[in-house]
There are 2 protein chains.
Amino acid sequence: MQQESRRRSNVERSEAMRATLIAAARRLFTEKGYAATGTPELVEAAGVTRGALYHHFADKQALFAAVVESESAAVAAEIEIAAPASLEPVAALVEGSMAYLRAMAAPGRTRLLLLDGPAVLGRSAMDEIDARHGNRTLREGLAAAMRAGAIRRLPLGPLTSMLGAMLDRAALDCETGGGEAEARLVVEALFAGLGT
Amino acid sequence: MQQESRRRSNVERSEAMRATLIAAARRLFTEKGYAATGTPELVEAAGVTRGALYHHFADKQALFAAVVESESAAVAAEIEIAAPASLEPVAALVEGSMAYLRAMAAPGRTRLLLLDGPAVLGRSAMDEIDARHGNRTLREGLAAAMRAGAIRRLPLGPLTSMLGAMLDRAALDCETGGGEAEARLVVEALFAGLGT
DNA sequence: CTGTTGCATACATGCAGCCTGTATGTTAAT
DNA sequence: ATTAACATACAGGCTGCATGTATGCAACAG
């Protein structure tokens, strides 16, 4: 009956352990933040010991990075569903932006990805992660809109970076009471203002 | 000769001690970040003991908040010099924005105010500080431009917040090699796009 | 094909060092 | 004399590592 859990290949064991640790870490990091979450509490929530943690991850920060990577990918996936390439360029930008705001409304995501992430991993490391996920979708949307002549031609890197930061901030504002509708007004006005 | 430093009123002693601690803290927090700066090292750099620190500040976080408050005020002062009310509204917005970027180029300021600040003090506390300093100047500039009919009427709170975040991000990008000239292009385009 | 032998991997436990916050002691101002 | 300003000593917790143990795995012998 417990034969499957006893007789398990090493790679299965490792993957299961990593998943368990990442799941527990995501829960605690999103609920209490990075600094307030200790590794003793973390492994106790996961039902394992600190030995397992430090076997699979170099340090607490590496586990945090794994959680950030995972959540960042989940957010990007939600965006790509809401803003398919079939939409008109500017509409896709607006819809993708709103999908980002909805995705970031998941409890604790803003703290994990926007507050603790940059402070713990540093801006450059977060940029590298973002470039593969959330910001990539925005960059592609902007590039498509420029190619179609729907918005002005501007330096793509800085523009993506700055508009992304604007959306990050909108996600934070939505969480602290700011209405999503008002954010949409501003987003639409800014994208419209970029029109040729 | 040392009479002045021996015979000193208590309020003078306190103010001098607070200033000494804040100065040392600013240096270390900007050089190494909040988490990597320990209070033993901090007081040793200031030439005092930990007793003095915990006499004047509730905890390490409170000292950090004092440093943030001080730097934030300094940045706002630099902006108000560069963007006087005599300028035309949109020009004042652009010049104020560029002054903000230059002010944030001081070593370590971006880490202090944009990375560690939000993570350590929380978004709401940082907002409360910003509302009295950096973001206040932007809000006033936007309100004036709206009153003059130079830009579209949009919800002032969200607009200020999101444009401020955009400038924060531009400051970070400038630090990691991104050219200030490119940032200016984007800033000018966005403000121009807001024009009526 | 099967049992055993040797090694690598996965994990548990215990330890050392550091840091934070507080409680207690001492000096100087009022 | 009383209180404020600071120094010193202490307790608790946390991180990372080093050591110990069990389990999977591969090769070889019989």
Side-chain angles (χ1 to χ4, degrees), chain A residues 1-25 27-29 31-67 116 119-122, chain B residues 1-25 27-29 31-67 116 119-122:
Chain A
M1 182 173 173
Q2 296 241 338
Q3 201 107 5
E4 291 80 9
S5 65
R6 287 176 154 278
R7 290 250 182 183
R8 214 159 36 160
S9 97
N10 269 349
V11 296
E12 280 173 334
R13 277 214 302 174
S14 288
E15 282 178 17
M17 177 60 84
R18 276 185 65 97
T20 300
L21 284 167
I22 290 179
R27 245 194 45 209
L28 291 174
F29 285 153
E31 280 174 10
K32 315 177 41 175
Y34 177 81
T37 301
T39 52
E41 175 188 13
L42 203 159
V43 297
E44 203 251 339
V48 298
T49 67
R50 297 182 62 248
L53 197 169
Y54 281 92
H55 178 72
H56 286 281
F57 298 94
D59 51 16
K60 185 183 166 188
Q61 187 174 324
L63 172 58
F64 180 76
V67 174
D116 287 347
V120 173
L121 302 178
Chain B
M1 181 174 173
Q2 295 241 339
Q3 201 107 2
E4 291 81 10
S5 64
R6 285 176 156 278
R7 290 243 183 189
R8 215 162 31 163
S9 95
N10 270 350
V11 295
E12 280 172 335
R13 276 216 302 175
S14 288
E15 282 177 17
M17 178 61 84
R18 275 186 63 97
T20 300
L21 283 167
I22 290 179
R27 244 194 46 208
L28 290 174
F29 286 152
E31 280 174 10
K32 314 177 41 175
Y34 178 80
T37 301
T39 53
E41 174 189 14
L42 203 160
V43 297
E44 203 251 339
V48 298
T49 67
R50 285 166 29 90
L53 197 169
Y54 281 92
H55 179 73
H56 285 282
F57 298 93
D59 50 16
K60 184 184 167 187
Q61 186 174 324
L63 172 58
F64 180 76
V67 174
D116 286 347
V120 173
L121 303 177

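By convention in this document, chain letters (A, B, ...) are assigned in the order of the sequence lines, proteins followed by strands, and residues within each chain are numbered from 1.
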Legend entry - Approximate separation, where rounding is to 0.5 Å, of A:E31 CD and A:T37 OG1: 8.5 Å
Inset, instruction - Would you kindly give the NE2-to-P distance between B:H55 and C:dT20, to the nearest whole Å? - result: 20 Å
Legend entry - Length of the line joining A:H56:NE2 and C:dC11:C1', which is rounded to integer Å: 8 Å
Inset, instruction - Evaluate the ring planes of A:F29 and A:Y34, with Trp represented by its six-membered ring, and classify them as parallel (under 30°), tilted (30 to 60°) or perpendicular (over 60°). - result: tilted
Inset, instruction - Round to a whole Å and report the spacing from CZ of B:R8 to C1' of C:dA28. - result: 12 Å
Legend entry - Base versus backbone protein contacts along nucleotides 13-19 of chain D [heavy-atom cut-off under 4.0 Å; B, S, -]: --BB---
Legend entry - Rounded distance (Å) that lies between atom P of C:dT22 and atom CZ of B:F57: 16 Å
Legend entry - Within-4.5 Å side-chain heavy-atom neighbours: A:T49 and A:V43: no
Inset, instruction - Let me see the working for A:K32 and A:E41 under side-chain contact (heavy atoms from CB on, under 4.5 Å), right down to the final yes or no. - result: CA-CA 11 Å; A:K32 315 177 41 175; A:E41 175 188 13; 2.8 Å; yes
Legend entry - Rounded interatomic separation in angstrom, taking CD from B:E44 and P from D:dA7: 13 Å
Legend entry - Spacing of A:E12 atom CD relative to C:dC11 atom P, expressed in whole Å: 12 Å
Inset, instruction - Step through the shown structure and confirm whether more than 12 heavy atoms of other residues, nucleotides or ligands are within 6.0 Å of CD on B:E44. - result: no
Legend entry - Separation between CG of B:L63 and OG1 of B:T39, rounded to the nearest 0.5 Å: 9.5 Å
Inset, instruction - Write down the distance between CG (B:L21) and C1' (D:dA5), rounded to a whole number of angstrom. - result: 12 Å
Legend entry - Nearest-nucleotide comparison on DNA chain C, the residue closer to the 5′ end among A:T49 and B:E41: A:T49
Inset, instruction - To the nearest Å, give me how far apart CG (B:L53) and C1' (D:dT8) are. - result: 15 Å
